[in-house]
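Everything on this sheet refers to the single structure shown next.
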Amino acid sequence: MLLSQILLCVACFVLTESKTKNIYRQEVRKFPDQMLFGSATAAYQIEGAWNEDGKSENIWDRLSHQDPCRITECHTGDIAANSYYSYKRDVEMIRELGLDFYRFSLSWTRILPTSFPDKINEKGVEYYNNLINELLTYNIEPMVTIYHWDLPQKLQELGGWANPHIVDWYTDYARVVFELFGDKVKYWFTINEPRQICDMGYGTAVFAPLLNESGYADYLCSKHILLAHAKAYHLYNDEYRSKQGGTIGIVISASWLEPESDEHTEAAEDARQFEWGIYANPIFSEKGGFPEVMKQKVALKSMIQGFPRSRLPEFTPEEVEFVKGTSDFFGLNHYSSSFVYRNESVYGYHREPSLNDDVSVISYEDSSWEGYHTKMVPWGFYKLLTKIREDYDNPPILIAENGYDSLRSLKDDDRVKYYRQYLDAVLDAIEEGSDIIAYTAWSLMDSFEWVRGYNVRFGLYEVDYESPERTRTPRKSAYVYKEIARTHTLDHNYEPDISVPLSIDEGH
Ligand code: NOJ
């Protein structure tokens, strides 16, 4: 081997190693000037006022009331962070942080209490108009999620996302919100995290509506979510885009799935396709439709199990075309990573039939990774961003969520470390050509963390659930994030003085 080849190998090794270890970089690094920084929440997690001013019941109201102790400490979203009444403070927090945008979601049953557009609830509309106007007064861009998991209970009783009619029900709702708010809202997210909706709500009994029918209901849900998203996209494109001038896309959650060793490369790729390729492939790939590997694996398993056809529903050729290309950006939620392996013992390890059995892999988190529920694995973010760039022809990526849950403390150094390391990964990807247009910290404040209730805390601001007004106080991470957004610079050595109140800078 020539000396130059040896040196090249050493360089490659160092590079690969540095991408798979948590490196705390020292140099000060700059983000592109046009990259936007913001923070996010979702309606059910913060609003409260669950049955006030005409709002009707959604599936999380039903779950938390009917089966309360399925949620940690029997918590509910009845009051949550009280944002229905405290939205001005929420906007003030975004101003304190000096952010470009606020991503929040609309509650379907607050706007359409019957689920359908036959009755529009003026009070609900007024709430969102107030919030949007308050943001615009201070030049903060509202980024609006149309659906973040809180399906009207009435639609659930009709089958929810397993009923093909939901494609029209959802599109009717989308039309109402484009009409109501589209003159002021220029960024729309159709649906947040289809995987969590379908796998956790329809495939398992973790999230509402606790259907627990994996291998059928989760796949039906996936298909209808994709069609509903695409129909709303086309509606916006054909009827609203020219007069409202906005942009619209879906938000897909993706973890990084790393093969345990080279021998498990294929298993890890299968796992990625079943986890998020199922949503990304139909929209962002050239060919469209569900990923080939899914189609083959589910068809084979279904046949062996004695089903007359694949449990994975097909898209017609027209539907494939209808869904393809329906996102102006790749909305991405990312938190953490897992190792993946295939093992013969996987057969019989998972319930049959089920999505997990269909993919036939086992995934796990490394015990050395730091973290409570979210493990800190920044190199996984880098690998994920790289893969999205390579597989889908470098789409603009809007990072719609990224964040870390920590203990209740104002001095959240671990969260600070997470944000810095993950933003380093973002910068690495940008340097290699990824088109990252925005970064969103999850979450602006502590909130109802679904089945984990209020004990799992993701907030830049701590919420005091003991106080009637749900007082919000900035954590150290809020000070650090503000500095990153203000300077468009990542400086690991910046130490904020958290004894000085976080105040609104001039111009915000
Ligand atoms: C993603 C979801 O969109 C959000 O609702 C949730 O709170 C975060 N992940 C953290 O688990």
Side-chain angles (χ1 to χ4, degrees), residues 38-48 58-61 63-64 71-72 75-77 80-81 83 90 102-108 143-151 161 187-201 204 206-208 225 229 249-256 275-276 279 330-338 365 371-377 380-381 384 398-408 412 414-415 418-419 422 438-463 465 477:
S39 191
T41 59
Y44 188 76
Q45 295 181 270
I46 61 161
E47 283 178 5
N58 65 42
I59 54 173
W60 280 92
D61 295 319
L63 167 67
S64 62
I71 295 169
T72 307
H75 291 155
T76 73
S83 284
D90 297 349
Y102 178 39
R103 175 180 176 233
F104 61 93
S105 81
L106 304 174
S107 155
W108 190 330
M143 291 197 181
V144 176
T145 311
I146 299 171
Y147 180 77
H148 195 127
W149 304 3
D150 45 357
L151 194 75
W161 291 105
Y187 286 84
W188 293 103
F189 303 107
T190 52
I191 292 171
N192 178 71
E193 295 198 350
R195 171 178 132 83
Q196 272 62 21
I197 298 166
C198 297
D199 291 11
M200 319 272 267
T204 61
V206 180
F207 283 179
I225 280 205
H229 151 78
I250 195 166
V251 177
I252 295 175
S253 68
S255 56
W256 177 250
E275 187 193 292
W276 47 268
Y279 304 106
F330 194 118
L332 174 67
N333 288 358
H334 173 78
Y335 287 84
S336 195
S337 299
S338 297
E365 292 169 340
Y372 301 94
H373 295 97
T374 310
K375 304 292 180 204
M376 230 182 271
V377 195
F381 198 14
L384 175 68
L398 195 161
I399 299 168
E401 283 182 34
N402 178 233
Y404 183 78
D405 61 285
S406 184
L407 301 179
R408 183 178 178 184
D412 55 345
D414 53 353
R415 185 177 286 110
Y418 177 96
Y419 276 125
Y422 274 64
Y439 177 87
T440 316
W442 182 273
S443 176
L444 177 60
M445 68 192 109
D446 293 336
S447 65
F448 177 82
E449 187 46 36
W450 308 107
V451 278
R452 294 184 180 131
Y454 294 105
N455 294 345
V456 172
R457 290 171 179 260
F458 275 92
L460 294 170
Y461 282 71
E462 177 167 293
V463 173
Y465 293 106
S477 54

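First listed ligand is number 1; within each ligand, the first listed atom is number 1.
- Inspection of the Asn455 and Thr72 side chains reveals no N or O donor paired with an N or O acceptor under 3.5 Å.
- Annotation: side chain to side chain contact (heavy atoms under 4.5 Å, CB included) contacts of Ala40 (sequence neighbours excluded): Arg103, Thr440, Trp442.
- With sequence neighbours excluded, the residues satisfying side chain to side chain contact (heavy atoms under 4.5 Å, CB included) with Thr374 are Tyr335, Ser336, Tyr404, Asp405, Tyr418, Phe458.
- Ring pair Phe381/Tyr422 is tilted by interplanar angle, where 30° to 60° counts as tilted.
- Although no hydrogens or angles enter the test, the distance criterion places a donor-acceptor pair under 3.5 Å between the side chain of Asp446 and the main chain of Val463.
- Protein residues are said to neighbour a ligand when one of their heavy atoms lies under 4.0 Å from it; for ligand 1 these are Gln45, His148, Trp149, Asn192, Glu193, Asn333, Tyr335, Glu401, Trp442, Glu449, Trp450, Phe458.
- Residues passing the side chain to side chain contact (heavy atoms under 4.5 Å, CB included) test with Gln196 are Trp149, Glu193, Met200, Phe207, Ser253, sequence neighbours excluded.
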